[in-house]
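Worksheet for the structure shown next.
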Amino acid sequence: MTDEPPLFEMTTNPSPLAGRSPDPGLDAVESWFRSQENLAARFGQVFRKSIDEVLDGQRTARFDLYIKEGEGRVEKTEKTYLGTKVEIVTRAEFDLGHGSPMDYVICGQHVDAKFTMGKSWTIPKEADGHICLVMRADDRTETFQVGLLRITPDVLNNGLNGDQKRGTSAASRSGTRWIVEHGELPENFLLRLRDRSPEKVEAIFRASDGYRGRGNGGQLRVNELFRQVTGRLVDRTTVVTVATQHDSPKRVRDARKHLRKSGIVILGYRRPDPDIAADLGLPIPDQGTWVSARLSVVDDDSPRKATLINGIRYALWSAGDEPVVAPTIKHAKSEA
């Protein structure tokens, strides 16, 4: 006699709350966060925005949070404020409102926001017994984590720091409920470029050396940015950091004019730019991003990826191509 298979196959997916110590308040807060759409992407933007605002590249030309001494350094007080900035931006992103005595109230639970650039968090005495939204981000590795931790004596070290706070212990790692454990932090363009091609970053920021005209030479640096870095999306934060000026669209529009003689176009988000980028196999820019490319003219029977601009076929420039003046691309509306 053989066993008959069941008429309906029953499968169950274990709940992320299963097998844990009872904590209805923590369960409720975790369930609330897990119900939010695009949770990881939104937290990634929270950290990216917070870090960029503390760096304040538009005024300082800084892009490296980890410089401690010399030109471009980030002061200790600014790094301390980064935690407050993350708290504020998180509140705005998830519409959390203000809590008391903790930072937020979620599902009736008092939740405190804690951020670190390191591997552990420092917890004040007033957070004892409460839930902490523990967050960390590393701009160098482009990673972040977000979790929930109920503060009890077993998750804290015994010693107090100078602010009478206690650090989280090794035991806190197993007690943390990760809601984003392996998050990808949006790229810091200039930091990543410096890692890969430090000579390009140096060329960009030295493009205005010796400039004695009006302004601070920001246009020269933006021109060099799009000359040095072709084929990659460049975001608004990068442009204003390089220019140390506010009006990034105007700097990009003017860079288009200055780079035409070098055969370089700068594509934005308005038509026909995204179509041209797609034809050439380039990243597709959306609002607030641009991609530059050096072009050359090719015949109709060329096997290379090509696009038609003003009735002429263009491909990406390669060694041996004749230099050309880049075409002027007409847009429906004035834009960058």
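Judged purely by atom type and a 3.5 angstrom limit, T60 uses its side chain to pair as donor or acceptor with the backbone of L55. Between the R59 side chain and the T244 main chain, no donor and acceptor come within less than 3.5 Å of each other. Remark: side-chain polar atoms of N188 are not paired, donor with acceptor, to backbone N or O of D64 under 3.5 angstrom.
We find that D27 and R177 are joined by a salt bridge, their nearest charged nitrogen and carboxylate oxygen being less than 4.0 Å apart. A salt bridge does not link D247 to R251: none of the charged nitrogens lies less than 4.0 Å from a carboxylate oxygen. Looking at K49 and D52, no side-chain N of the basic residue comes within less than 4.0 Å of a carboxylate O on the acidic one, giving no salt bridge.
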Taking distance alone, no hydrogens or angles, what donor-acceptor pairs closer than 3.5 Å link side-chain atoms of residues 198-205 to residues at least two apart or in another chain?
unit_1 : atom_1 : unit_2 : atom_2 : d
K200   : NZ     : Q228   : O      : 3.4
E202   : OE2    : R206   : NH1    : 3.3

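Counting only heavy atoms from C-beta outward, the side chains of L185 and R48 approach each other to under 4.5 Å.
In this structure, R221 fails the cation-pi test against Y211, since its NZ or CZ atom is not both closer than 6.0 Å to the six-membered ring centre and inside 45 degrees of the ring normal.
Environment of NZ in K79: crowded, with over 12 heavy atoms of neighbouring residues, nucleotides or ligands closer than 6.0 Å. Around atom CD of Q36, more than 12 heavy atoms belonging to other residues, nucleotides or ligands sit under 6.0 Å away.
Considering CZ of R91 and OH of Y104, their distance stands at 5.5 Å, rounded to 0.5 Å. Annotation: the span from F63 atom CZ to T241 atom OG1 amounts to 9.0 Å, rounded to 0.5 Å.
Across all non-hydrogen atoms, the minimal contact from G129 to R150 is O-NH1, 2.9 Å. When all heavy atoms of R62 and V54 are compared, the closest pair comes out as NH2-O, 3.0 Å. Summarising the geometry of N216 relative to Q245, their closest heavy-atom pair is OD1-NE2, 2.9 Å, with the distance given to 0.1 Å.
Screening F94, W178, F144 against F43 for a ring pair (Phe, Tyr, Trp, His ring centres under 6.0 Å) leaves a single residue, F94.
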The test is side chain to side chain contact (heavy atoms under 4.5 Å, CB included); show your working for R294 and D321 and say whether it passes. CA-CA 11 Å; R294 185 180 178 186; D321 288 346; over 6 Å; no
